[in-house]
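Heads up: the structure comes next, in structure tokens.
A, B, ... follow the sequence lines: proteins, then strands. Residue 1 opens every chain.
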Number of protein chains: 2
Amino acid sequence: MKNVFTFVHMFTLAEENYMKAIFHLEHESAGEVSTNAIAESMATKPSSVTDMIQKLAEKKLVVYKRYKGAKLTEKGKKIAANVIRKHRLWEVFLVEKLNFHWDEVHEIAEQLEHIQSEELITRLDKFLGSPDFDPHGDPIPDKHGVLKRTEKKLLSEIEKNQKGVCVGVRESSADFLQYLDKKKISIGTKITVLGKEFFDGSMIIQVGNQQFFISHKIAENLYVQTL
Amino acid sequence: MKNVFTFVHMFTLAEENYMKAIFHLEHESAGEVSTNAIAESMATKPSSVTDMIQKLAEKKLVVYKRYKGAKLTEKGKKIAANVIRKHRLWEVFLVEKLNFHWDEVHEIAEQLEHIQSEELITRLDKFLGSPDFDPHGDPIPDKHGVLKRTEKKLLSEIEKNQKGVCVGVRESSADFLQYLDKKKISIGTKITVLGKEFFDGSMIIQVGNQQFFISHKIAENLYVQTL
DNA sequence: TTTTATTTTTAGCCAAGGCTAAAATAACGC
DNA sequence: GCGTTATTTTAGCCTTGGCTAAAAATAAAA
Ligand SMILES: [Mn+2]
Ligand SMILES: [Mn+2]
Ligand SMILES: [Mn+2]
Ligand SMILES: [Mn+2]
């Protein structure tokens, strides 16, 4: 049901990116998001951030009190979730249909997520079989912006002799993803913790019939579901 | 062979759109393209056009002499052709894979044509089976920007009792395309000219087992290849 | 409770890409 | 050839979204 008379508010690329960044930061640690945190996550300057969140506040997309940081309104949250939905659906497309590797898709999806067309996303979603997760194991919000939360743990939180199946990555830099490839770890891979060093959090794990050492840095960037 | 050290010049959305518009206008009528023509085709003001073509001239993308209009350089031509290549490949994707109708895809392709990634287009092209034409019958430039020219005529140029097969549309407004649908005319449809009125250029044509009247306005917007 | 350090905001500047109004140039009609 | 008209350019202004430097507010230390 396409309604030509419904004026669909458009947002600029910059506005969408700010809302998305705030959305992610709110999920990392509850409460208001600081100006500095936004600036860092967007590789921009705090003064630029102040400027933009003031504009977003005027448009009722965030609530903002001077020196207190910003928080998305319901409307802002919906818009951000929709941008993330688009990002992740396009990532699925790039991997599943165009055979890109999971470490190559993020930059392209950063551009594709801003394409404006409800209908396009509806059809893309259908074409892809309405996937629930993107190639990095991140959940895809539904068309109302609702994210189903799954109970997943960081591999670093798992105890010796426990097993888990890899369900996602916390970081998705190409470097990290390529490391995982080299170790034959991908979404769905079963991992057993054979040993854990208290001093530095490093582990010995079993993947398939290989056993090897991983640092804490690796373990705290891999999400697993315990079995 | 991806070469990370080759700096790929990026152009802004506005620059790409100007080059594309000039490219199309050059093909409509040879020689320099006038400021006013560009302004009209882009729904902008002549003063804005002058501004931009001066910038494009500095970047050696067009040659420009005051009051003499603009003409793309080889480099400019290549960039424009590549944008058009992307536009038309995305239109094929939208119609062939997402089942959009041919009158719905242009606006979305206007956005998608600016996505920056060589690799993406290489893979998209392959995914689509390296099509030669877009859903409106327009040829898709190859990766070097070369357009294969086909000999096609406007239906209005065809004489009484000649037959032709529809190979494209000169206009692709939704209104016109929807008219063609209603008349069951699409790319590949065989059309026979049964009668032609000299006074106003209107025609009686046969399409399938239907015979009907069309105005000159219709006939001069349909490309056919005579049989 | 001061002093100091950190965070955040303000003020002022810049480039891109629009616009309008006015000036300059070219083209046309006689 | 000359005045009129149309086209094109310039000048000056605006908005968006950046930036730096300085000021203000808050937080941490002493
Ligand atoms: Mn991503
Ligand atoms: Mn992802
Ligand atoms: Mn088109
Ligand atoms: Mn087309």
Side-chain angles (χ1 to χ4, degrees), chain A residues 9-22 25-26 28-72 76 79-80 83 110-111 113-114 116, chain B residues 9-22 25-26 28-72 76 79-80 83 110-111 113-114 116:
Chain A
H9 268 283
M10 302 275 246
F11 300 95
T12 66
L13 195 132
E15 286 170 338
E16 288 192 348
N17 281 337
Y18 271 96
M19 285 188 268
K20 188 174 52 130
I22 296 168
L25 290 167
E26 278 185 22
E28 272 175 28
S29 57
E32 280 72 23
V33 177
S34 80
T35 302
N36 263 8
I38 298 170
E40 193 188 6
S41 89
M42 300 189 66
T44 186
K45 303 290 163 182
S47 54
S48 305
V49 173
T50 299
D51 231 65
M52 181 57 95
I53 60 187
Q54 286 174 350
K55 288 176 199 160
L56 292 177
E58 269 172 35
K59 299 184 183 181
K60 310 285 185 204
L61 298 168
V62 302
V63 298
Y64 162 71
K65 260 184 252 139
R66 281 160 67 252
Y67 295 100
K68 293 285 178 184
K71 203 172 61 173
L72 290 169
I79 293 160
V83 174
E110 285 290 304
Q111 300 177 60
E113 72 189 6
H114 301 290
Q116 308 264 7
Chain B
H9 269 283
M10 303 274 246
F11 300 95
T12 66
L13 196 131
E15 287 169 337
E16 288 192 346
N17 281 336
Y18 271 96
M19 286 187 267
K20 188 174 51 131
I22 297 168
L25 290 168
E26 279 185 20
E28 273 176 27
S29 56
E32 279 73 22
V33 177
S34 79
T35 303
N36 263 9
I38 299 169
E40 192 187 7
S41 89
M42 300 190 65
T44 185
K45 302 292 165 184
S47 55
S48 305
V49 173
T50 299
D51 230 64
M52 181 57 96
I53 60 187
Q54 286 175 350
K55 287 176 199 160
L56 292 177
E58 269 171 35
K59 298 183 182 179
K60 309 285 187 203
L61 298 168
V62 302
V63 297
Y64 163 71
K65 261 184 253 136
R66 280 160 70 251
Y67 294 100
K68 293 283 178 184
K71 203 173 60 172
L72 289 168
I79 294 159
V83 174
E110 285 290 304
Q111 300 178 60
E113 73 189 7
H114 301 290
Q116 309 263 0

Atom [atom1] of [X] and atom [atom2] of [N]: how far apart are they, to the nearest Å?
{"X": "Met19(A)", "N": "dG17(D)", "atom1": "CE", "atom2": "P", "value": "11 Å"}
{"X": "Gln54(A)", "N": "dT16(D)", "atom1": "CD", "atom2": "P", "value": "14 Å"}
{"X": "Ile38(A)", "N": "dT9(C)", "atom1": "CD1", "atom2": "P", "value": "9 Å"}
{"X": "Lys55(B)", "N": "dA15(C)", "atom1": "NZ", "atom2": "C1'", "value": "8 Å"}
{"X": "Asp51(B)", "N": "dA16(C)", "atom1": "CG", "atom2": "P", "value": "10 Å"}
{"X": "Lys59(B)", "N": "dA16(C)", "atom1": "NZ", "atom2": "C1'", "value": "9 Å"}
{"X": "Ile53(A)", "N": "dG18(D)", "atom1": "CD1", "atom2": "C1'", "value": "16 Å"}
{"X": "Lys65(A)", "N": "dT8(C)", "atom1": "NZ", "atom2": "C1'", "value": "16 Å"}

Among the candidates [options], find the nucleotide nearest to the side-chain atoms of [X].
{"X": "Thr50(A)", "options": "dT10(C), dT9(D), dT20(C)", "value": "dT10(C)"}
{"X": "Ser48(A)", "options": "dT8(D), dT10(C), dC19(D)", "value": "dC19(D)"}
{"X": "Tyr64(B)", "options": "dT9(D), dC19(C), dG17(C)", "value": "dT9(D)"}

Any side-chain heavy atom of Tyr64(B) sitting closer than 4.5 Å to one from Thr50(B)?
-> yes
Sub-4.5 Å side-chain heavy-atom contact between His114(B) and Asn17(B) | yes
Closest heavy-atom contact between Ala80(A) and Leu72(A)?
-> CB-CD1, 4.2 Å
Remember a base hit wins even if backbone is also touched, and classify Thr35(A) as base, sugar-phosphate or nothing at under 4.0 Å, heavy atoms.
-> sugar-phosphate
Indicate whether OP1 or OP2 belonging to [N] is found under 4.0 Å from a side-chain N or O atom of [X].
{"X": "Asn36(B)", "N": "dT8(D)", "answer": "yes"}
{"X": "Arg66(A)", "N": "dT10(C)", "answer": "yes"}
{"X": "Tyr67(B)", "N": "dT10(D)", "answer": "no"}
{"X": "Tyr18(A)", "N": "dG18(D)", "answer": "yes"}

Candidates Glu26(B), Met19(B), Lys20(B) - the one meeting side-chain contact (heavy atoms from CB on, under 4.5 Å) with Ile22(B) =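 Answer to the side-chain contact (heavy atoms from CB on, under 4.5 Å) test with Ile22(B) among Glu26(B), Met19(B), Lys20(B): Glu26(B).
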May I ask you to verify whether the side chain of Ser47(A) and the base of dT20(D) hold a donor-acceptor pair under 3.5 Å?
->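 Result: at least one qualifying N/O pair found.
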Worked check of side chain to side chain contact (heavy atoms under 4.5 Å, CB included) between Met42(B) and Val49(B) = CA-CA 9 Å; Met42(B) 300 190 65; Val49(B) 173; 5.7 Å; no
